[in-house]
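See below for the structure under consideration.
We count residues from 1, following the sequence as given. These numbers come from the heavy atoms of this one structure, side chains and all, not from hydrogens, waters or symmetry mates.
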Amino acid sequence: MSYQPGLMGVAEGIGLTFVIMLPRVFLTSPAITISTLQNLSWAAPLLNWAIALAMFYLLARVTGRFKDDLYGVSERLLGKAGAWAFAFFYFALFILDAASLLRQFAENTLLSALPATEFRVIIFWYISFAAILVFFGIEGIARTAYLVMPFIVGGVLAVILLLAPFYDIYRLLPWQGAGIGTAVGRGLTLAGLNFGVLLLLILAPSFQKPATLKTAAFYGGGVSAALRTLVIFFFLLAFGVAEGMEKTLPFFEMSRLVYLSRYVQRIESLFIVIWVIVGLLAIAIDIFIALCLIARPLGLPSLRPLVPMVALIVVNLAVIPPDLNAVVEADNRLIMLLSAGVYGGPLLLSAVAYFKGRKKRSWFA
């Protein structure tokens with residue numbers, strides 16, 4: 001298994017982008033957004049996705065111009081030392097993202113489904129399955145993500161429809177929430193929720209052409225952002241802002257409200273399975289991309305020997321926060337750091353490419 005995983009198409013790109021951007025809708029992030037933006041929090045996913053997509057297209061223009069992946073372009077524009085720093089920065093972001101997701105999914109599995117199980121056992125099984133997925137390679141992960149995508153979308157939409165009797169449109173008032181300015185500011189800082197879309201440019205040689213990357217980013221990320229918007233919008237309709245801010249896991253609380261019949265009563269256990277699958281795939285994708293970023297500058301021919309070591313690093317980072325409150329706070333800070341990754345790389349490489357191109361044109365003029 002090398003950092004050139006083979007050929008993939010639009011479907012695999014959509015699956016990867018969709019899965020890596022979706023997990024936090026099942027965690028505490030929507031509740032934090034609601035506490036900040038109140039009734040207008042449903043608009044935040046659309047806004048931060050529009051910003052991240054603009055940054056992605058800006059960077060895709062640079063990588064398309066040089067017909068290379070993100071590391072190759074950074075090496076041409078920033079030199080070897082700059083490319084090392086660039087790769088290590090994004091390696092750290094993907095590793096931290098994997099650690100944060102691992103800890104949050106393990107904590108939430110413990111709270112919602114397996115309260116009597118030892119925490120270390122849950123985290124062991126999570127990282128073991130994620131490492132096995134990484135061992136099989138990114139093509140398998142991408143195709144699995146694309147195959148489960150309709151079930152995830154259908155499941156979320158089913159919960160939204162089944163909760164129709166609980167909706168009250170007046171719970172969205174006042175519709176401007178904490179204010180348009182606050183919503184725009186929060187949307188800018190939450191762009192890190194879409195940080196995963198950059199993986200398409202790191203794996204660029206594996207896709208057919210630059211247009212494939214843009215199509216995959218647009219549809220994969222767009223569906224993910226639309227789902228996040230719908231979940232927050234209908235969660236507000238069902239609970240309102242005051243009650244909603246007290247819920248730690250908004251989507252889990254939505255699924256707990258569903259009552260089908262006296263024979264098939266609750267369905268939240270089915271959705272625990274869905275979010276475990278999403279969490280495992282996202283952690284595996286994070287680890288694989290981090291391995292690519294560290295193996296490329298080192299010139300390693302294979303990623304597999306690094307998998308156990310990187311998995312161990314992820315586990316050690318994941319268990320650092322002492323309790324769930326510290327985990328949520330650390331994840332909130334991590335999203336800010338991921339936002340720096342969304343803005344920093346595209347703006348830096350675009351500026352360097354522009355000035356180098358301008359210098360070259362003036363030299364030959």
Side-chain angles (χ1 to χ4, degrees), residues 19-39 41-42 44-45 97-117 119 122-123 125-126 151-163 166-167 171 190 192-193 224-225 227-259 265-283 318 321-335:
V19 164
I20 201 169
M21 286 171 52
L22 189 66
R24 283 184 173 82
V25 77
F26 300 124
L27 303 174
T28 312
S29 291
I32 295 172
T33 306
I34 290 169
S35 66
T36 308
L37 300 181
Q38 300 177 10
N39 304 67
S41 53
W42 57 270
D97 192 47
S100 181
L101 291 179
L102 174 64
R103 178 62 184 270
Q104 291 185 84
F105 276 101
E107 289 276 5
N108 293 329
T109 303
L110 185 72
L111 290 174
S112 58
L114 303 170
T117 308
F119 174 71
I122 296 175
I123 212 163
W125 283 113
Y126 261 103
F151 299 98
I152 297 168
V153 175
V156 172
L157 293 179
V159 169
I160 288 172
L161 290 173
L162 289 169
L163 286 181
F166 294 91
Y167 296 147
R171 290 191 176 120
L190 287 178
L193 288 170
S224 174
L227 274 192
R228 284 183 281 150
T229 299
L230 289 174
V231 167
I232 296 177
F233 182 83
F234 287 102
F235 177 76
L236 286 173
L237 285 183
F239 291 96
V241 171
E243 189 179 351
M245 286 193 297
E246 298 173 358
K247 308 292 184 186
T248 307
L249 300 173
F251 187 76
F252 180 63
E253 297 294 341
M254 290 174 73
S255 63
R256 287 182 67 183
L257 277 184
V258 175
Y259 179 85
Q265 298 179 0
R266 305 290 183 189
I267 59 170
E268 65 265 25
S269 56
L270 297 176
F271 290 96
I272 292 174
V273 175
I274 286 181
W275 81 52
V276 166
I277 292 172
V278 171
L280 282 174
L281 289 172
I283 294 166
D323 52 42
L324 188 55
N325 288 333
V327 173
V328 172
E329 180 63 27
D331 188 64
N332 204 26
R333 292 175 186 275
L334 175 62
I335 291 170

Quiz item: For residues 231-244, which residue pairs qualify under salt bridge (Lys or Arg N to Asp or Glu O under 4.0 Å), counting only residues two or more places apart or in two chains?
Solution: Glu243-Lys247
Quiz prompt | Sequence neighbours excluded - salt bridge (Lys or Arg N to Asp or Glu O under 4.0 Å) pairs with any residue from residues 28-39 | solution = none
Self-check item: Residue list, salt bridge (charged side-chain N to carboxylate O under 4.0 Å, His left out) with Arg103, at least two apart or on another chain
Solution: Glu107
Quiz item: Aromatic rings Tyr126 and Phe105: how do their planes relate, parallel, tilted or perpendicular, breaks at 30° and 60°?
Solution: tilted
Quiz item: Mind checking whether Tyr167 and Phe234 have parallel, tilted or perpendicular rings, split at 30° and 60°?
Solution: tilted
Would a 4.5 Å heavy-atom cut-off, applied to side chains only, mark [X] and [Y] as touching?
X: Leu157; Y: Leu230; result: yes
X: Ile34; Y: Phe235; result: yes
X: Thr28; Y: Asp331; result: no
X: Arg24; Y: Ser100; result: yes
X: Phe239; Y: Leu257; result: yes
X: Leu236; Y: Gln38; result: no
X: Leu27; Y: Leu101; result: yes

Let me confirm one number: the [atom1]-[atom2] distance from [X] to [Y], rounded to the nearest 0.5 Å.
X: Leu324; Y: Leu110; atom1: CG; atom2: CG; result: 9.5 Å
X: Leu102; Y: Ile122; atom1: CG; atom2: CD1; result: 11.0 Å
X: Thr109; Y: Ile272; atom1: OG1; atom2: CD1; result: 7.5 Å
X: Asn39; Y: Leu237; atom1: CG; atom2: CG; result: 10.0 Å
X: Leu111; Y: Asn108; atom1: CG; atom2: CG; result: 6.0 Å
X: Leu37; Y: Ile32; atom1: CG; atom2: CD1; result: 11.5 Å

Quiz prompt | Contacts of type side chain to side chain donor-acceptor pair (under 3.5 Å), residue Ser255, not counting sequence neighbours | solution = none
Quiz item: What residues, two or more places apart in sequence or in another chain, satisfy side chain to side chain donor-acceptor pair (under 3.5 Å) together with Arg171?
Solution: none
Identify the two heavy atoms, one from [X] and one from [Y], that lie closest to each other, and give their separation to 0.1 Å.
X: Met254; Y: Leu163; answer: O-CD1, 3.5 Å
X: Val231; Y: Ile160; answer: N-CD1, 4.4 Å
X: Ala282; Y: Ile20; answer: CB-CA, 4.4 Å
X: Ala31; Y: Pro250; answer: N-CG, 3.8 Å

Quiz item: Do the side chain of Ser29 and the main chain of Val25 share a donor and acceptor less than 3.5 angstrom apart?
Solution: no
Quiz item: Strictly under 6.0 Å, is that where the ring centroids of Phe252 and Trp275 end up?
Solution: yes
Quiz item: Can you name the residues that form a side chain to side chain contact (heavy atoms under 4.5 Å, CB included) with Ala330, not counting sequence neighbours?
Solution: none
Practice problem: Please say whether more than 12 non-hydrogen atoms of neighbouring residues, nucleotides or ligands are located less than 6.0 Å from CZ in Phe151. | Solution: no
